[in-house]
Amino acid sequence: MSALASFDLLSTATKPGKHAWIGQYAPLDWVGLNLNHGTNYRASSVHHQRYDVVWYFEDWFHEGDLHRMELLLDEIVRLVKDDGLLVLRYQHQLVPALKRFLTRRPGCTVEVDQEWDRRSELVTAFRIRRHGLERYRDPSWTFAVLTSGKKEEQVLKFIRSIRDKPQGEAQEIIICGPRAASYDAHKVTYLDKTYRADLAEISKKKNDIAEMASHPNLLVCHDRYALNPDFFDGFERFGYDFDFVTIRQWLDTGEEFPSYCALRRGDLVISGTRMLHRYDALYPGHFVNGGLFAIKTHTFRELPLNPIIFWEQAEDVEFTQILRDHSLPPRMNVFSSSETYLEGPRGELTRRTYRIGLPPLPDEQVDVPHNSPEPAPPEIQLSTTVRRVFNSTEAVLRPFLGEARASRIVASLQRRKKMTAALALLLMFHMLTLMLVLLIAIRVFL
Amino acid sequence: MKFGIVVGQDFFSNHVGVRNYVLGLGTVLSETMRVDYLARQPNHLGAAQWYQMQPISRRYVLDNSVAESVRLEGDPLEVLNAYRSHQQTPPTALPTIPRLAIGTDLASEDYDVLLISSPWCVEFQERLPGRKIFGLAHDTIPNTIGFTTWDIRPFSFAAEHVRGFRYYREHADKIFTISQDTARSLETQFAIPADRLCALPPSLPTGYMGMDIPKPERGPNLILAGPFDPRKGMASIPDLVNAASKSLGKLLIYGTPRCDPAMVDQFFGRLDPKIHVVWYPHATTETVATLYAQSRLLLFPSHREGLGLPILEAQVCGARVAAYPIPPMVDNMLTGSIPLGESASENGKRIAEALADTRFDHEALAREAAARFSFDNLREALRSTVMTGESPA
C-alpha cells in the first residue's frame, strides 16, 4: 500500500479473528486492554500469543514516549499470535526508533502490511510472525548457581527453595563450582569446566551454563540467593512469554535489594548505581543486576555475556545494553521474588536506595510517589567546646547582623568546619564591643 | 482452583481493618489455591477494565502495609507534641503494588470463585464471570448508626452498603460475614436468606499466623487499640484512664487518628499529666503483639463493631479485656474479661482492680484464646464452603 493511498483501515478492523485494543475505548466489540494498569505494562498471561490483530491506535507513540516505548512495544508484540497484525499509530520522528525495534528483534519476522504516512503521524499495520512460540509457553526451568564453594549452606538453601515447592521437583539445577555431597541428594548437575584462577570469569561461566541448560527458562544467580515461595506462582501470573527479566530481591531485614537498576551515567562508563522503584520506564544506563536474572535459554545462547568482562566490571550493564540493542528490553516480574544475603551493615543500603529517585519523566505513571524528599543533610558532629564557640559567635553577631544572617553565617562556617574563622569573628566583635565601651567611657569621663 | 477477591482500587491504601481481614482470608486460601486481588477502573462511560494486584511481599501482608513502627513516649503533652512533629515527617515510600492488566475480558481469566470483599466495591450490576460468586459482609453499622447517634450520619456510605447487599442478595451464591451478629443483621435488615449466609469463625489477623507471641515482662499497663475514633468510645477513655491512674504503670496506645485533630488534642489534654504514655501511631504486628503482652488489660469501650479484632489479639497475647458486653464483642470475651457498665466511676474502679491484680493467670488466658481463635477454624470454614458450597456446621 502506498503512502499516498487513501486512508482505509476498515478492512483490517473487520478482519475475522480476535482483536485487542490497547486503551480504554475499544470502538468495536474487541477486548479492551489498558496496559497502564499493569506494572511494567504487563498484561495477564492469558493475553499472550492470543490475538490476530493488536491495535495501538487510541494512544499513539510520540517523542515523549521514548522512555516507555521499548517496554510497551515488547509487551504488545507478545500479545500477537504466531502470525498476526500489529497496527500502530506514531509520530513521524519515531519511524527509525520504532521500526528498528520491531525488525532487529530476534525470533520475529516483521513486514509492513499497510502504511499511511501523513508526515506528522503514521499508521502502519505490521505483519508479525513469531517463531518458536512453544518456548514461550513452556514453564520448565533450569536454575544455575555460581559458587566459590565457601557458602555451601546458602547454596543448599537455594536448592531447597526450588525442590521444596511442588513445581520445583522436576526442574534442572546446575551448580557452577565445587561439588558437595550435601547437594547430591537433590539431583543437581555440575558444570565441570575449569576457569582461569587469576581472572573472575563469571561471564564465561554464565555463557557455559546457557550451553548446558536443557530447559527454555534459565535463572542464573550467585550463591547468596534463595527463591521465595512466591517464585513459581509469580511466574504463573507473569507468564512465560518473556526474554529477559528480573524479580524482586529482598534482604532478610525486609529491605529491598536493587534488581532493576540504572547507572547514573548512560554511556557504559561505570558510575553510581540507582535502584529503581518505578517500573514504567527505561533509563539510559538501565540494567538488571547480574547477581540474579532470568532469561530464555535460546536468547542467552544467541546473545551471550561478553566473556572478557569480569566480575565487578559491570558485565551486567553491557549485557543489558546488548539485549536492548536487539529490542529485548529488561522486564520486571514483580510477582516473583528472592531472598538475598549481604555481609556487613544493611541499614545504609535502604537509606541510600530508597531516598534516591531519578528525575520524573513526562507522562509518568506511578502507583506510589517514588520521589521521596532528599535526605536531610547529615548533622555535623561537633564537640561541646567547639559548639559553644559557634553559639557564642552567633550570639555576638546577632545584634549587628540580625538573627537570620548571623545564623546563616555560622551555619556555613560549621558546615565547612571553619573554627578559626568563627574564633576570629568572635574575637573581632568582642574587641569592637570593648572599643565601643572604652570610647563611650572616655566621652563620659573626659 | 483459581480464586479472585474483588477489591476497591484503594484497597492497599485505605480501610485498614477491612484490608487486614481480607488479606487474612486471602492468606489462608492461598495455602491451597491461587488467590488474586482484582480491581476495576471505569472510564467516563462507566465501562470498566480490570486489573490484578498482589501484596508487595509476605511481610507486607503480615504487617498490614505498615513499613515500620513509630514510637512516641512521655507525659501526655510531650507525646502530643512529638506526634505533631512526627506528622511533619513524610512516610517512607512503599514500593509499587504489583499489578497485571486484565482488560475488559475478565471471563477469560476463568475464575472458579469471585469473592467481593466489601459491599462498597460493588460498582457493577451484572453477575461477574466466576463459576461461583461470594460476598463478604463486615457489618451494617453505617446503615443503622444514624438512627442512634446525633453526630454520625454516614448516609452515603450506608447507601453503598445497600447497593452491595442488594447485589449479594441477587447474585451471590454465598455470603460470608465476619461475625454471627452481622449475619443476623443481614437477615433481618436486608432479607438475605439464612441458608446463604455463612458467619466465619472469629480469627486473628494474618500477622499472628505462626508467630511466637512475645513474652516481655507484663506490668500494670493498660493498652488502647486505635482509640482515636469517635465511634470507638474515644470521648469516654480519658476519664476511665484517669480513674485508674493510681494503679497504672504505662498507658500503651497504638493506631493512627481517624478523627478531627482537635479531638486528639482534647484527648491528651484531658489525661492526667502524670500518666506515662507510649504511643505507636504506626505499629507492625509484632510491635502490637509485644504491647499486648506487656499489658494486663485492653480497654476497648466501643459500642459498635463488626468483629472487634483487638479483643481477639489482646487475649491471645494474655491481656484481659474491658469492653461492653454487647454482640459481637461479648461473644469473644473470655476468662477474666471486665464487662463495662453504665457507671463511669464503677468502670474506672474495675479497671484499676484489674491493673493491680497480680494473681490473674495471663498465660492460661492466652492458651484459651489461641484455641478459640485458631486459624484452623477459619481454614476449615473457608475450605468446606469454598470447595463444597456448604456452610460449616
Side-chain angles (χ1 to χ4, degrees), chain A residues 18 20-26 29-47 50 75 228-230 233-234 236-239 248 250 253-254 256 275-280 332-337 350-351 354-355 357 365-373 376, chain B residues 2 4 9-10 12-13 27 30-31 33-63 65-68 88-111 284 286:
Chain A
K18 238 176 159 32
W21 179 263
I22 310 301
Q24 291 194 71
Y25 303 97
D29 188 18
W30 299 337
V31 171
L33 187 59
N34 184 352
L35 288 178
N36 290 330
H37 284 161
T39 309
N40 206 240
Y41 305 112
R42 190 66 171 175
S44 168
S45 57
V46 301
H47 296 284
R50 187 185 186 198
E75 187 62 22
N228 275 338
D230 62 11
D233 292 341
E236 278 302 310
R237 290 190 167 88
F238 186 81
R248 277 183 162 163
W250 301 98
T253 56
E256 192 168 3
M275 174 177 176
L276 302 172
H277 273 297
R278 47 178 300 175
Y279 306 122
D280 59 348
M332 181 76 194
N333 171 5
V334 279
F335 298 92
S336 298
S337 68
T350 302
R351 277 196 285 281
Y354 272 3
R355 300 280 179 175
Q365 296 279 336
V366 283
D367 294 313
V368 177
H370 69 285
N371 47 349
S372 318
Chain B
K2 208 171 159 186
Q9 290 186 63
D10 60 353
F12 285 104
S13 52
T27 307
S30 65
E31 290 170 356
M33 59 192 78
R34 172 173 160 176
V35 176
D36 298 341
Y37 296 87
L38 304 167
R40 66 197 286 284
Q41 186 172 37
N43 62 20
H44 85 278
L45 300 171
Q49 291 204 17
W50 292 84
Y51 55 91
Q52 191 202 119
M53 292 190 282
Q54 283 299 315
I56 295 162
S57 65
R58 183 168 160 71
R59 188 73 253 158
Y60 177 93
V61 175
L62 298 185
D63 284 329
S65 86
V66 172
E68 56 189 334
Q88 310 300 321
T89 318
T92 312
L94 280 168
T96 313
I97 300 288
R99 302 199 310 194
L100 274 183
I102 290 174
T104 50
D105 191 7
L106 184 62
S108 288
E109 296 289 324
D110 203 21
Y111 283 103
T284 61
E286 200 173 334

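Being a predicted model, the structure only gives us computed values, none of them experimental. Throughout, protein chains are lettered first and strands after them, A, B, ... in sequence-line order, and every chain is numbered starting at 1.
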Which region of B:Asp36, side chain (C-beta onward) or backbone (N, CA, C, O), has a non-hydrogen atom less than 4.5 Å from a non-hydrogen atom of chain A, or is it both or neither? both
Between B:Gln41 and A:His37, a side-chain donor and acceptor under 3.5 Å: yes
Among A:Asn36, A:Val334, A:Thr39, A:Asn40, find the one that has a side chain to side chain contact (heavy atoms under 4.5 Å, CB included) with B:Arg99. A:Thr39
side-chain contact (heavy atoms from CB on, under 4.5 Å) for A:Tyr25 and B:Leu45? Distances and angles first, verdict last. CA-CA 9 Å; A:Tyr25 303 97; B:Leu45 300 171; 4.1 Å; yes
Evaluate the side-chain proximity of B:Ser108 to A:Arg50: yes if any heavy-atom separation is below 4.5 Å, no if none is. yes
Spacing of OG belonging to A:Ser44 relative to CD belonging to B:Gln52, to within rounding of 0.5 Å: 6.5 Å
Can you measure from CG (B:Leu100) to CZ (A:Phe238) and round to the nearest 0.5 angstrom? 8.0 Å
Heavy-atom pair of closest approach, residues A:His47 and B:Ala101: CD2-O, 4.0 Å
What part of A:Trp21 lies closer than 4.5 angstrom to a heavy atom of chain B: side chain, backbone, both or neither? neither
Under 4.5 Å heavy-atom distance to chain B, tell me which part of A:Asp230 shows up: side chain, backbone, both or neither. neither
Keeping the roles fixed (side chain from A:Gln24, backbone from B:Gln49), state whether a donor-acceptor pair exists under 3.5 Å. no
